[in-house]
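Below you'll find the structure, written out as structure tokens, and then a few comments.
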Number of protein chains: 2
Amino acid sequence: MPATGQSEGRPARSKRADALRNQQTLLTAAAAVFVTSGVNAPIREIAARAGVGMGTIYRHFPTRADLVVAVYRHQVEACAEAGPTLLANADSPLAALRQWVDLFIDFLVTKHGLANAMQSDSSGFDALHTYFLDRLVPVCTQLLDAAVNAGEIRPGMHAHELMRGIGNLCIGHDSDPRYDPRRLVELLLRGLQRPQSS
Amino acid sequence: MPATGQSEGRPARSKRADALRNQQTLLTAAAAVFVTSGVNAPIREIAARAGVGMGTIYRHFPTRADLVVAVYRHQVEACAEAGPTLLANADSPLAALRQWVDLFIDFLVTKHGLANAMQSDSSGFDALHTYFLDRLVPVCTQLLDAAVNAGEIRPGMHAHELMRGIGNLCIGHDSDPRYDPRRLVELLLRGLQRPQSS
DNA sequence: AACGATACGGAGCAATGTTCCGCTTTGTCA
DNA sequence: TGACAAAGCGGAACATTGCTCCGTATCGTT
């Protein structure tokens, strides 16, 4: 047996348009549901949110882990792409940074859930984590630099450090309903601001 | 309101004998089931194994986490107490160490499961983890020292290091049925052995 | 022995996971 | 364009599991 299947140059007749659409819809819907109900949200709920049947989900993502991983990658991508856009449209670099961090926090919910969904397959998880850093650190750096150059925040904070800090603040997100990571992150950012000239 | 309830010096009429018995039975049964089916084993299964009804489990341990934590402490205790006993009864210190490590691995299944069951409450988990180290490192050290003194293994290995290594080998235990941590740990121990005088 | 407190068991209900198959949509080819 | 096969969809139906509730059994005390 030479090589593995799937080769055979054949285009394999690319997927149908509706299937592709559904896949996107599902990723978005799942991401949203994960934020509100955690990564263990009932499949039914995700299906309802996406407006599709459960069978559809199972066809695209046979396993919950599959779905979570897919959402994860999707989110990393979205987060990465959002950076420049926010920077271009926001009132100020700091405002852009704030908005980006907000997206980032949503994303962390998935990320942390992923760690559980993948409990054990640590090698696979590490791979995703590397991808995550490679992709997002530059974006975050760019936002930070812009804010520094605009004189809005003090220099010296590294993106990696900031992201790590935010990530840690978001641990334990669903154990205590009174624990609100966003509030704490807000404090963090405020602490980063350069003292206003009164 | 002075202090919190529960005080009132009263013995509060200690638990009934059968309740105590059942609690022990449950801890043992749950530990066994955790090893074979993981910490997410159906409550029914544990109840059946223990020969009690599900209601009994829920009365003693309202939450799955409660049960896992209880088993965890129970296991730490058992592991700690087993050390000296094994040392006294085994053919050689190294044999004792082997047997102890075997118990330890069983225990790790619970421990790793616990980390998930407690996902989020990291402070509570840290407390248990400290307890775990405080209690077991001395025992492991004693076993190691004995084997070193008997000339069976080479010196220089710290208990903490060994336990950590074994712990890491046991990660990913249930992702791949072909992955057998015990086999790898066995290799580790073999590597620790002092080369036999041929 | 009698009685109140405590604990037990497991049927039953609700929530969720997963499968399966008839129906719909899509893409292709004449 | 019309027809047809393949691909995909939806959601009912079944399977599994969590959790509660209450009649019954057991225990400890008087």
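Residue numbering restarts at 1 for every chain, and letters A, B, ... go by the order of the sequence lines. Every heavy atom of this structure was used, including side-chain atoms; hydrogens, water molecules and symmetry mates were not.
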* At under 4.0 Å, does any side-chain N or O of T56(A) touch on OP1 or OP2 of dG10(D)? -> yes
* Asked: Could you give the CZ-to-P distance, from F61(A) to dG8(D), as a whole number of Å?
  -> 13 Å
* To do: Kindly state which residues belonging to residues 45-54 of chain B come within less than 4.0 angstrom of DNA chain C, counting heavy atoms of the residue only, listed by number.
  => G51(B), V52(B), G53(B), M54(B)
* Considering residues at least two apart in sequence or located in another chain, which fulfil the side chain to side chain contact (heavy atoms under 4.5 Å, CB included) criterion with R49(B)? -> A29(B), A32(B), V33(B)
* For the side chain of T63(A) and the backbone of D66(A), is there at least one donor-acceptor N/O pair under 3.5 Å apart? -> no
* Asked: Within the pair H60(A) and dG8(D), is there a side-chain N or O less than 4.0 Å away from OP1 or OP2?
  -> no
* Rounded off to whole Å, could you give me the CD1-to-C1' distance for the I43(A) and dT16(D) pair? => 15 Å
* What's the CG-P distance between N40(B) and dG18(D), to the nearest Å? -> 8 Å
* To do: Return yes when atom CG of N89(B) has more than 12 non-hydrogen atoms of other residues, nucleotides or ligands closer than 6.0 Å, and no otherwise.
  => yes
* Asked: Listed by chain and number, what are the side chain to side chain contact (heavy atoms under 4.5 Å, CB included) partners of V148(A), not counting sequence neighbours?
  -> I153(A), P155(A)
* **For the student: nearest non-hydrogen atoms of G83(B) and V139(B), plus distance** => CA-CG1, 3.7 Å
* With the side chain counted from C-beta on, respond yes when I43(A) and Y58(A) share a heavy-atom pair under 4.5 Å apart, and no when they do not. => yes
* To do: Rounded to the nearest 0.5 Å, what's the gap from CZ on R98(B) to CG on D102(B)? Could you check?
  => 10.5 Å
* Going by modelled atom types, is there a donor-acceptor pair between the base of dG18(D) and the side chain of R44(B) at under 3.5 Å? -> yes
* How do P42(A) and D18(B) order along DNA chain C: which one's closest nucleotide is nearer the 5' end? -> D18(B)
* N/O donor-acceptor pair under 3.5 Å between T25(B) side chain and R21(B) backbone -> yes
* Just how far, in rounded Å, is P of dC21(D) from CD1 of I57(B)? -> 18 Å
* Check: A19(A) main-chain N/O paired with N22(A) side-chain donor or acceptor under 3.5 Å -> no
* Rounded to the nearest Å, what distance is computed from the CG atom of residue L20(A) to the C1' atom of nucleotide dG27(C)? -> 14 Å
* Asked: Would you call the rings of F104(B) and F132(B) parallel, tilted or perpendicular if under 30° counts as parallel and over 60° as perpendicular?
  -> parallel
* Counting N and O atoms only, with roles assigned by atom type, does the side chain of W100(B) sit under 3.5 Å from a partner on the main chain of L86(B), one being a donor and the other an acceptor? -> no
* N22(A) side chain near dG8(D) phosphate (N/O to OP1/OP2, under 4.0 Å) -> no
* To do: Can you tell me the distance, in whole Å, between the CZ atom of R16(A) and the P atom of dC9(D)?
  => 7 Å
* Would you kindly give the CG-to-P distance between D66(B) and dC19(D), to the nearest whole Å? => 11 Å
Please list, pair by pair, any protein nitrogen or oxygen found under 3.5 Å from a nitrogen or oxygen in nucleotides 20-22 of chain C.
none

Quick one: which protein N/O atoms are closer than 3.5 Å to N/O atoms of nucleotides 1-3 of chain D? Pair and distance per line, please.
none

* Structure fact -> Taking for T63(B) and for Q23(A) the nucleotide of DNA chain D with the nearest heavy atom, the one nearer the 5' end belongs to Q23(A)
* **Pairing residues for R135(A) by the salt bridge (charged side-chain N to carboxylate O under 4.0 Å, His left out) criterion, not counting sequence neighbours** => E77(A)
